[in-house]
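Heads up: the structure comes next, in structure tokens.
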Amino acid sequence: MMAQNIYDDPNFFKQYIQLPRQVKGLDGAPEWEDLKAMIPDLKGLKFLDLGCGFGWTCRWAREAGAVEEVHGIDLSQNMLEKAKEFPADSAVTYQQADLETLKLPSGSFDVVFSSLALHYLVKLPDLVAEVYQSLTPGGAFVFNVEHPTWTAPRNPNFILDSEGRNVWPLDSYLSEGPRITNWMAEGVVKQHRTISTYLTILLNAGFTLAAINEWGPTPEQIKEFPDWSKTRDRPPFLLVKVVKSAP
């Protein structure tokens with residue numbers, strides 16, 4: 001069964017391309033600096049981006065020195081068409097494929113990256129196993145997902161408590177599985193997993209945990225973007241780096 005592809009829905013995509021992280025690229029992603037810090041020095045390395053979207057990270061990887069090969073994969077034709085609107089680079093290639101059933105060549109990449117894509121996948125353990133065998137010894141897998149405290153609630157919106165404070169209605173945290181939300185379109189399906197489940201999937205595949213960050217904005221970022229203050233109560237993203245042990 002193919003993964004849900006909301007990004008090729010015309011009405012959804014029309015709204016999606018207006019989001020700050022699509023208009024500004026990596027500069028519009030508040031967690032980018034912390035995520036970038038987890039990525040190894042890319043000079044001379046081969047880089048794969050799973051769920052590459054408009055190709056922002058692929059182009060950054062080239063600028064950062066990934067000279068041999070940069071490959072981006074996405075399910076959405078709309079996303080890939082946008083990526084190809086940027087100036088062509090012979091070292092950057094794109095592929096339309098479903099991450100749920102993806103097969104990757106063994107030992108082909110030094111760094112695999114993914115941003116805000118894995119929480120849509122039902123068969124995440126299968127993909128993680130593919131990523132592991134596709135990495136060279138010592139290679140790194142760096143990704144972020146929506147934080148499990150965000151994906152867990154049946155109603156993922158802040159509410160006012162009896163004292164008039166904004167609170168996050170966390171419920172059903174240990175009940176993993178699909179969550180249906182209305183995010184610029186009705187019926188968007190995400191897969192809720194606990195932090196321990198994410199880590200167990202990675203460890204079972206053979207990875208070693210190198211870094212983890214329950215990301216929230218800094219005081220300086222909140223001064224610039226006051227609306228982000230609420231995310232100090234509910235971290236929006238979980239950032240993870242794992243490595244494949246060298247023999």
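Just so you know, these numbers come straight off a predicted model, no measurement behind them.
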Check whether Arg179 reaches the backbone of Ala152 with its side chain - one donor and one acceptor, N or O, closer than 3.5 Å. yes

Non-hydrogen side-chain atoms of Asp126 and Leu121 separated by less than 4.5 Å: no

Any salt bridge linking Glu81 with Lys84? Criterion: basic side-chain nitrogen under 4.0 Å from a carboxylate oxygen. no

Considering all heavy atoms of both residues, which atom of Glu31 and which atom of Asn144 are nearest to each other, and what is their separation? OE2-ND2, 3.1 Å

Under a plain distance cut-off of 3.5 Å, with no hydrogens placed, do Thr93 and His71 share a side-chain donor-acceptor pair? yes

So does Asp89 pair up with Arg59, basic N to acidic O under 4.0 Å? no

Within-4.5 Å side-chain heavy-atom neighbours: Ile201 and Leu124: yes

Ring centroid separation for Tyr173 and His192, is it under 6.0 angstrom? yes

Kindly indicate whether the side chain of Thr194, heavy atoms from C-beta on, has any atom under 4.5 Å from the side chain of Glu176. yes

Distance-only, no hydrogens or angles: does the Asp110 side chain make a donor-acceptor pair with backbone N or O of Lys46 under 3.5 Å? yes

Chi angles and distances behind the side-chain contact (heavy atoms from CB on, under 4.5 Å) call for Met38, Leu239: CA-CA 9 Å; Met38 293 182 175; Leu239 284 55; 3.7 Å; yes

Taking the side chain as everything from C-beta on, heavy atoms only, tell me whether Gln77 gets closer than 4.5 Å to Gln96. yes

Asn166/Ile159 under side-chain contact (heavy atoms from CB on, under 4.5 Å): CA gap, chis, key distance, verdict: CA-CA 5 Å; Asn166 278 304; Ile159 60 175; over 6 Å; no

Side chain to side chain donor-acceptor pair (under 3.5 Å) between Asp233 and Trp168, intermediate numbers included: CA-CA 7 Å; Asp233 296 325; Trp168 185 253; over 6 Å; no

Where Val243 and Lys241 come nearest, the two heavy atoms and their spacing: CG1-CE, 4.1 Å

Assigning hydrophobic clusters by single linkage (Ile, Leu, Val, Met, Phe, Trp, Tyr; side-chain heavy-atom cutoff under 4.5 Å), is Val145 placed with Trp215? yes

Kindly compute the distance separating CG (Leu48) from OG (Ser114), expressed to the nearest 0.5 Å. 9.0 Å

Using a 3.5 Å distance criterion without hydrogens, assess whether the side chain of Thr231 forms a donor-acceptor pair with backbone atoms of Arg234. no

Would you please test Thr200 and Thr197 for side chain to side chain donor-acceptor pair (under 3.5 Å) and show each step? CA-CA 5 Å; Thr200 298; Thr197 292; 5.9 Å; no

Can you find a heavy atom in the side chain of Thr57 that is under 4.5 Å from one in the side chain of Ser115? no

What's the separation between atom CG in Asp74 and atom CZ in Phe54, rounded to the nearest 0.5 Å? 9.5 Å

Minimum-distance pair of heavy atoms, taken over all atoms of Asp41 and Leu45: O-CD1, 3.1 Å

Give a yes or no on whether the backbone of His119 and the side-chain of Arg193 come within a donor-acceptor separation of less than 3.5 Å. no

Take Phe143 and Leu202 through the test side-chain contact (heavy atoms from CB on, under 4.5 Å) and record every step on the way to the result. CA-CA 12 Å; Phe143 67 89; Leu202 294 163; 3.9 Å; yes

Looking at Trp32 versus Trp56, is the centre-to-centre ring distance below 6.0 Å? no

Measure the CD-CG distance between Glu146 and Leu118 for me, rounded to the nearest 0.5 Å. 11.5 Å

Given the side-chain rings of Phe207 and Tyr132, with only the six-membered ring counted for Trp, is the space between their centroids under 6.0 Å? yes

Would a single hydrophobic cluster contain both Val92 and Val67, if residues Ile, Leu, Val, Met, Phe, Trp and Tyr are joined by side-chain heavy-atom contacts under 4.5 Å? no

So, the side chain of Asp161 versus the backbone of Val167: is there a donor-acceptor pair under 3.5 Å, distance only? no

To the nearest 0.5 Å, what is the distance between CG on Asn155 and OG on Ser172? 11.5 Å

Inter-residue atom distance Asp49.CG - Cys58.SG, 0.5 Å rounding: 4.5 Å

Are Ser134 and Phe109 close enough that some pair of their side-chain heavy atoms sits under 4.5 Å apart? yes

Considering only heavy atoms from C-beta outward, does the side chain of Glu130 approach that of Leu102 to under 4.5 Å? no

Worked check of side-chain contact (heavy atoms from CB on, under 4.5 Å) between Leu135 and Val112: CA-CA 8 Å; Leu135 282 167; Val112 177; 3.6 Å; yes

Does Trp228 belong to the same Ile/Leu/Val/Met/Phe/Trp/Tyr cluster as Phe158, with side-chain heavy atoms less than 4.5 Å apart forming each link? no

ILVMFWY network linking Trp60 to Leu116, side-chain heavy atoms under 4.5 angstrom: yes

Under a 3.5 Å distance rule, please check whether Glu100 uses its side chain to pair with a backbone N or O of Lys123 as donor and acceptor. yes

In short, Ala66 meets Arg62 closest at the heavy-atom pair O-CD, 3.3 Å

State the NZ-OG1 distance between Lys244 and Thr208, to the nearest 0.5 angstrom. 11.5 Å

Any side-chain heavy-atom pair of Lys190 and Thr181 under 4.5 Å: yes

With a 4.5 Å cut-off on side-chain heavy-atom distances among I, L, V, M, F, W and Y, is there a chain of contacts connecting Leu35 to Ile212? yes

For the student: nearest non-hydrogen atoms of Leu209 and Ala211, plus distance: CD1-O, 3.6 Å

Taking all non-hydrogen atoms of both residues, which atom of Tyr198 and which atom of Pro148 are closest, and how far apart? CE1-CG, 4.1 Å

